Protein chains: 2
Amino acid sequence: MNSALDGFDIKILRLLQGNASLTNQQLGEDVGLSASQVSRRRQKLEQEGVIRRYRASLDPDALGLTVTAYVGVTLGAHTRENARRFRDRMVAMPEVQEAHTLTGDVDYMLKVVVADLKALSRFINDELLPQEAVLNVRSSIAMETLKDDNLLPLE
Amino acid sequence: MNSALDGFDIKILRLLQGNASLTNQQLGEDVGLSASQVSRRRQKLEQEGVIRRYRASLDPDALGLTVTAYVGVTLGAHTRENARRFRDRMVAMPEVQEAHTLTGDVDYMLKVVVADLKALSRFINDELLPQEAVLNVRSSIAMETLKDDNLLPLE
DNA sequence: AGTGAAAAACAATGGCG
DNA sequence: CGCCATTGTTTTTCACT
């Protein structure tokens, strides 16, 4: 299903990850291939799921979203039903950018982006804490973001 | 400089954030505008920096990157020079997806993606700990990722 | 696996209601 | 401010090496 990636593929992926507006012509010049070959390789990478999708990256500040926070959530009663409901809600909440289960003493770690501290407080008190499953919530606010590119390391 | 976004802009941004492959024609059909108007609005949004860039979103597993970890770093000697060097190194390290300074007891929180646990160990022991400024490192590994779309909440 | 040229789809621009 | 028509780019397909 997933044939091996060669050096051309890696280079194309690296360039597209940083800038998906590059034309096949430009990509071809950078990696040493014709535009038609780049097109064919791109289609293959998209079809195989190596390229999941193309996205516009927006500026949070320009949209009035000034607060990024990491929220650790500890669940109380670990019933299967409780956990399932909690997960479904998290996935559905637009303020939640990322949600992972972690090793260590916290059950879930959320990355949350909201307009301001008031909105964060509302999110925690009105969305998170009222859920049965949730025992405890602890949030840390990002004071300064040095890097947030989410660029995967290639090669 | 940054004129207010109206409902059309918000809808366009929401669609493009999820799928930047949509053509202006398709966007126009979804929001109720002609393709040329969508084109103009997009250019404005790009120029104003609301749209920062377009990116290909890649599948970490398909690239052999199976481990995501959150790494909390505590600095020892808080000299300006130490901190600056540490920050520069972090920004330059491709394994680091995100780096923030947080409120609370940890100085920096890093999101790190690497091939496997061995690579995580190498990253911590060979990249992080040898730095003068670093006093303590504590990592939590993401066992399951429920959500990782980094889609900003619009509206 | 690769190239180059032709066809089809698309974005961008100027004119007009 | 909005839409339509034209122009120039870009992607994709096809014939060929």
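Worth knowing before you read on, the calculation uses all heavy atoms, side chains too, and leaves out hydrogens, waters and symmetry mates. Because the structure is predicted, anything quoted here is derived from the model rather than measured. Proteins get letters first, then strands, A, B, ... in listed order; numbering begins at 1 in each.
Look at Asp148(B) and Lys111(B) and you find a salt bridge, because one of the NZ, NE, NH1 or NH2 atoms lies within 4.0 Å of a carboxylate O, short of that distance. Look at Asp105(B) and Arg138(A) and you find a salt bridge, because one of the NZ, NE, NH1 or NH2 atoms lies within 4.0 Å of a carboxylate O, short of that distance.
For Arg42(A), no side-chain nitrogen or oxygen approaches OP1 or OP2 of dT10(D) to under 4.0 Å. Applying the 4.0 Å criterion to OP1 and OP2 of dA12(C), one finds that Ser39(B) has a side-chain N or O inside that range. Between Gln43(B) and dT13(C), a side-chain N or O to OP1/OP2 separation shorter than 4.0 Å is present. Look at Arg40(B) and you won't find any side-chain N or O under 4.0 angstrom from OP1 or OP2 of dA11(C).
In this structure, NZ of Lys44(B) is placed 17 Å from C1' of dA12(C), rounded to the nearest angstrom. dC3(D) atom P lies 6 Å from atom CD of Gln37(B), rounded to whole Å. What separates CD1 of Ile51(A) from P of dT11(D) is a distance of 13 Å, to the nearest Å. Between Leu27(A) atom CG and dT12(D) atom C1' there is a gap of 15 Å when expressed in whole angstrom units. In this structure, the CG atom of Asn24(A) is 8 Å from the C1' atom of dT10(D), given to the nearest Å. Regarding Leu33(B), its CG atom lies at a distance of 14 Å from the P atom of dA11(C), rounded to whole Å. Whole-Å rounding puts the Gln47(B) CD to dA11(C) P distance at 18 Å. The interatomic distance linking Gln26(A) (CD) with dT9(D) (P) rounds to 13 Å, in whole Å.
Below the 3.5 angstrom threshold, one finds a donor paired with an acceptor across the side chain of Ser36(B) and the base of dC4(D).
Interatomic distance, CG of Leu13(A) versus CG of Leu45(A), reported as 5.0 Å (0.5 Å rounding).
Looking at every heavy atom in both residues, Val71(A) comes nearest to Ser139(A) through CG2-CB, 3.9 Å.
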